[in-house]
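Heads up: the structure comes next, in structure tokens.
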Amino acid sequence: MTEKRVRVRFAPSPTGYLHVGGARTAIFNWLFARHTGGDFLLRIEDTDQTRYDENALKELIADLKWLGLSWDEGPEVGGPHESYFQSQRLPHYQKYAKQLVETGHAYPCFCTSERLDALREQQKLNNLPSSYDRLCRNLPVAVAAQRIQAGEKHVIRFKVPFHGNTIFTDLIRGQIEYQNRILDDLVLLKTDGFPTYHLANVVDDHLMEISHVLRGDEWIPSTPRHVLLYQALGWEPPTFCHLPVILAEGGGKLSKRKGAASVGDYRDLGYLPEVMVNFLSLLGWSPGEDLEYMEKDVLIEKFTLDRVHPKSAVFDERKLEWLNGQYFLQRPAEYFLPLLKPLWEKAGAPLAEFSESYIVQAIALLKDRSKRLPDFVEFGLYFFKEPETYDEKSRKKYFVPGAEILLDTLIAELELLPNFEAPTLEACYRDAAEKMGKKGGDLIHPTRLALSGLPFGPGLFELMAALGRETVLRRLGAASAAIRIGFPS
RNA sequence: GGUGUGUUCGUCUAGUGGUUAGGACGCUGCCCUCUCACGGCGGAAGCAGGGGUUCAAUCCCCCUACGCACUACCA
């Protein structure tokens, strides 16, 4: 038996944004392909004309690119099996549907959706399992041909055997068995000539030489039908591997209502794409050692299907936040420059007035205490703008009447300093504190509040050195004046 | 209702027929410290329940409970 080249695919239907569940499926496919040196294809399953949305396709592709999941064949890059849009592959599906009819594995069905609806309703009423009653299955071929000739609308249905079982092996669950009699005669070709998922999927996976199907486990119940289809077409089915679903906190599906659900949502919340890939990889898979922070190359090296497990996982946003913080710690400040510039500018920071090295310095001081990109804005705007307010609780503690004298004293001391380096500043503050019979913190906290408006932040002396003497003196003066005037209670 | 699938700390997970059931997030105590983070050292917290098999079951088998999925001319 020869090992087939690994060829996997992510086959989304462009009906909306890229859900994190879909992203996780894409990531596992991608990791598996990269680990094995195989191919990763992107195929667009746009066979539902009623749900087609061109915008969704654009966003989907943008999201995949943002995550850094490059595909070897598919939209934009082409490949030997074009087209990678199912809507442009109709002749293939029609050909095989016809073949199935001719070989007696499928038949035309003229039942209207009204009849089908009524049938289902009746079955439900009687507490019976709902399934097609196979009314058209026994139509004589000649009669069927005549009705088609007459232009009667019809679909093509697959003839599922009445007896026997269909067994297939799922890579992470083992053998799964279905009784054929509970499978009903699924539709292969719709009235409009478009294929259903089942037909298109099987035909394309075969034609595109897909070796492993990694998809969400909602597809398990469809798999026996697919296997039957492969058999009827005389093809060898691929290896199946059904991935567990991702749930929201507290159970249930991840949705907008429960916070965020799409990759775009998390991008907007300020998570790095590498972090999303890392985090999502850990949902349903682990490397088998105590390792969680894994850059892409490590993930690729470690990823194997036999370590994927079948339990559905809850998406824990706090852990995602932690992981994002870990990446912030590792990334150099320059890395954040292009990510942060637009955010800061949007918040009103006049970045043009500052040198790039100053901005990088600000990032360096902020990144180790930030968890998401917006933190840089929320807790770092003072690098570029005067603080507009002072944290109230802290202000009441430090900006009390008389505090202006302290600030004025500090201003006087700072004016005399030979340079504005952090060690010099620290020595100055320690000296001043001693002279005044105070603790360092008694000077440090009011200063930080005057400079940033916040009760926390980078080490004060690094912050002062970064801001520069002029800005420091100006802000201390402003705070002193504000204290003198008094704050509205 | 039917069919399928799953169940190790709150969450993500490691693990084995005999372990003090390991790690991580979160929570929490202490240390570091100018604050906030980071980091370090600790703590609380788990094998869904019931039957088997076995000298021994978290691990193997069965049942129950609960969750989830599917049950479309959607994917």
Side-chain angles (χ1 to χ4, degrees), chain A residues 11-15 45-48 50-51 109 111-113 116-117 120 123-124 126-132 153-157 170 173 176-179 182-184 186-192 194-198 200-201 215-224 242 244-245 247 249-253 279 282-293 307 309-323 325-326 328-329 366-371 375 379 394 426 429-430 433 439-445 447-449 452 454-461 463:
Chain A
S13 173
T15 52
E45 309 223 326
D46 53 352
T47 56
D48 186 356
T50 62
R51 295 205 301 173
C109 168
C111 295
T112 61
S113 41
L116 264 18
D117 288 344
R120 260 194 297 277
Q123 286 165 335
K124 194 160 189 139
N126 295 327
N127 243 336
L128 290 166
S130 72
S131 73
Y132 176 55
K153 287 213 182 306
H154 65 281
V155 301
I156 301 297
R157 280 184 188 272
D170 180 275
R173 282 160 235 267
I176 299 177
E177 187 169 347
Y178 278 82
Q179 294 181 292
I182 63 131
L183 271 23
D184 66 352
L186 62 151
V187 171
L188 260 22
L189 226 45
K190 306 179 223 177
T191 313
D192 62 6
F194 275 66
T196 57
Y197 170 86
H198 308 290
N201 197 262
R215 75 226 303 191
D217 68 7
E218 70 269 24
W219 291 108
I220 291 177
S222 296
T223 306
H242 291 94
V245 293
L247 305 170
E249 241 150 310
K253 274 188 184 168
F279 183 74
L282 260 12
L283 259 31
W285 174 82
S286 85
E289 49 193 301
D290 294 331
L291 192 58
E292 298 199 293
Y293 177 106
R307 295 205 57 86
H309 71 92
K311 184 190 157 194
S312 55
V314 173
F315 190 99
D316 182 0
E317 193 162 335
R318 274 184 300 244
K319 188 154 185 176
L320 174 65
E321 200 169 75
W322 164 79
L323 193 61
Q326 293 297 304
F328 280 14
L329 249 27
L366 291 168
K367 77 180 184 68
D368 293 357
R369 36 182 54 76
S370 300
K371 297 238 188 274
D375 290 350
F379 306 124
S394 199
E426 175 149 21
Y429 264 59
R430 300 293 175 203
K439 286 192 284 187
D442 297 334
L443 313 191
I444 288 168
H445 299 309
T447 304
R448 171 178 289 108
L449 188 60
S452 70
L454 298 170
F456 51 79
L460 182 70
F461 307 114
L463 173 60

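Keep in mind that the numbers below use all heavy atoms, side chains included, and drop hydrogens, waters and symmetry copies. Lettering of chains follows the sequences in order, A, B, ..., and the numbering in each one begins at 1.
- Distance CG (Leu463(A)) to C1' (C36(B)): 12 Å, rounded to an integer number of Å.
- Under a 3.5 Å cut-off, the side chain of Arg307(A) and the backbone N or O of Ser286(A) do form a donor-acceptor pair.
- Atom P of nucleotide C38(B) and atom OH of Tyr293(A) are separated by 15 Å, given to the nearest angstrom.
- Proximity note for Pro310(A) (side chain, C-beta onward) versus U7(B), A75(B), U35(B): the nearest is U7(B).
- The residue Val314(A) sits close only to the backbone: its heavy atoms come under 4.0 Å of sugar-phosphate atoms, none of a base.
- A close approach under 4.0 Å does occur between a side-chain nitrogen or oxygen of Thr47(A) and OP1 or OP2 of A75(B).
- Look at A37(B): it lacks any Watson-Crick or wobble partner with both distances under 3.5 angstrom.
- What separates CD of Glu321(A) from P of G26(B) is a distance of 9 Å, to the nearest Å.
- For Lys311(A), whose side chain is taken as the heavy atoms from C-beta onward, the closest listed nucleotide among G6(B), A24(B), A75(B) is G6(B).
- The separation of C55(B) from G40(B), taken at their P atoms, amounts to 47 Å, rounded to a whole angstrom.
- Comparing U8(B) with C68(B), their P atoms are spaced 15 Å from each other, to the whole Å.
- Residues meeting the salt bridge (charged side-chain N to carboxylate O under 4.0 Å, His left out) test with Glu249(A), sequence neighbours left out: Arg318(A).
- Using a 4.0 Å heavy-atom cutoff across all strands shown, Pro458(A) reaches at least one base atom of the nucleic acid.
- Annotation: G42(B) and A48(B) have their C1' atoms spaced 31 Å apart (nearest Å).
- In this structure, CG of Leu443(A) is placed 10 Å from C1' of C34(B), rounded to the nearest angstrom.
- What separates NE2 of His242(A) from P of A75(B) is a distance of 16 Å, to the nearest Å.
- When distances run from any side-chain atom of Arg448(A) to the nucleotides C36(B), A75(B), C34(B), the shortest one goes to C34(B).
- At distances below 3.5 Å, not a single donor-acceptor pair connects side-chain atoms of Arg215(A) with backbone N or O atoms of Ile220(A).
- Glu317(A) comes within 4.0 angstrom of nothing in the nucleic acid, heavy atoms only.
- The C1' atoms of G46(B) and G23(B) are separated by 14 Å, rounded to the nearest whole Å.
- Looking at heavy-atom distances under 4.0 Å, Leu291(A) makes no contact with the nucleic acid at all.
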Short N/O separations, protein against nucleotides 41-43 of chain B, under 3.5 angstrom:
none

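- Residue contacts shown for Glu45(A) are limited to sugar-phosphate atoms, with no base heavy atom under 4.0 Å away.
- Residue side chain Arg369(A) reaches the base of C36(B) through a donor-acceptor N/O pair under 3.5 Å, judged by distance alone.
- Taking the C1' atom of each, A14(B) and G49(B) are spaced 24 Å apart, rounded to whole Å.
- Side-chain to base pairing of Lys371(A) with A37(B): no donor and acceptor N or O lie closer than 3.5 Å to each other.
- Interface remark: the Thr191(A) side chain does form a donor-acceptor pair with the C73(B) base, using a distance-only criterion of under 3.5 Å.
- Between Tyr197(A) and Trp219(A), the angle of the ring planes stays under 30°, which puts this pair in the parallel group of the 30/60° scheme.
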Leu320(A) vs Phe315(A), test: side-chain contact (heavy atoms from CB on, under 4.5 Å). Steps then yes/no. CA-CA 8 Å; Leu320(A) 174 65; Phe315(A) 190 99; 3.9 Å; yes
Please tabulate, one pair per line, each protein N/O and nucleotide N/O from nucleotides 69-72 of chain B that are separated by under 3.5 Å, including the distance.
unit_1, atom_1, unit_2, atom_2, d
U71(B), O2', Ser130(A), O, 3.2
U71(B), O2', Ser130(A), OG, 3.3
A72(B), OP2, Ser130(A), OG, 3.1

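- Across the strands present, G67(B) finds its partner in U5(B); the criterion is a Watson-Crick or G-U wobble pair with both atom distances under 3.5 angstrom.
- Listed nucleotides: C12(B), G1(B), U35(B). Nearest to the side chain of Asn127(A): G1(B).
- In this structure, the nucleotide among C36(B), U13(B), A75(B) sitting nearest to the side chain of Phe456(A) is C36(B).
- Between the CG atom of Leu320(A) and the P atom of G26(B) there is a distance of 12 Å, given to the nearest Å.
- Comparing Thr15(A) and Tyr178(A), the nucleotide of RNA chain B nearest to each residue sits closer to the 5' end for Tyr178(A).
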So which protein N/O to nucleotides 14-16 of chain B N/O distances come out below 3.5 Å?
unit_1, atom_1, unit_2, atom_2, d
A14(B), OP1, Ser286(A), OG, 3.2
A14(B), O3', Arg307(A), NH2, 3.3
G15(B), OP1, Arg307(A), NH1, 3.3
G15(B), OP1, Arg307(A), NH2, 3.2

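- Each of His198(A) and Arg173(A) was matched to the nucleotide of RNA chain B holding its nearest heavy atom; the match closer to the 5' end belongs to Arg173(A).
- With a cut-off of 3.5 Å on both Watson-Crick or G-U wobble distances, the partner of C55(B) is given as G18(B).
- At the heavy-atom level, Leu460(A) lies under 4.0 Å from base atoms of the strands shown.
- Residue contacts for Gly457(A): at a heavy-atom cut-off of 4.0 Å it reaches a base atom on one of the strands shown.
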Name the pairs: protein N/O against N/O of nucleotides 60-66 of chain B, kept only if under 3.5 Å.
none

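- Residue Leu329(A) is classed as a sugar-phosphate contact, given heavy-atom separations below 4.0 Å to backbone atoms only.
- As rounded to the nearest Å, U58(B) and C30(B) have C1' atoms that lie 34 Å from one another.
- Nucleotide A45(B): unpaired (no Watson-Crick or G-U wobble partner with both distances less than 3.5 Å).
- Judged by distance alone, the side chain of Lys367(A) and the main-chain N or O of Phe328(A) form a donor-acceptor pair under 3.5 Å.
- Distance check: Leu449(A) CG to Leu454(A) CG gives 8.0 Å after rounding to the nearest 0.5 Å.
- By the side-chain contact (heavy atoms from CB on, under 4.5 Å) test, Leu329(A) pairs with Gln326(A), Asp368(A), sequence neighbours left out.
- When the C1' atom of G10(B) is taken as reference, atom NZ of Lys319(A) falls 13 Å away, rounded to whole Å.
- C38(B) atom P lies 10 Å from atom CG of Asp368(A), rounded to whole Å.
- The side chain of Asp316(A) lies closest to U11(B), out of U11(B), C34(B), G6(B).
- Candidate nucleotides U5(B), C34(B), C74(B) were compared by shortest atom distance to the side chain of Lys190(A), and C74(B) ranks first.
- Nucleic acid contact class of Gly284(A) (heavy atoms, under 4.0 Å, all strands): sugar-phosphate only.
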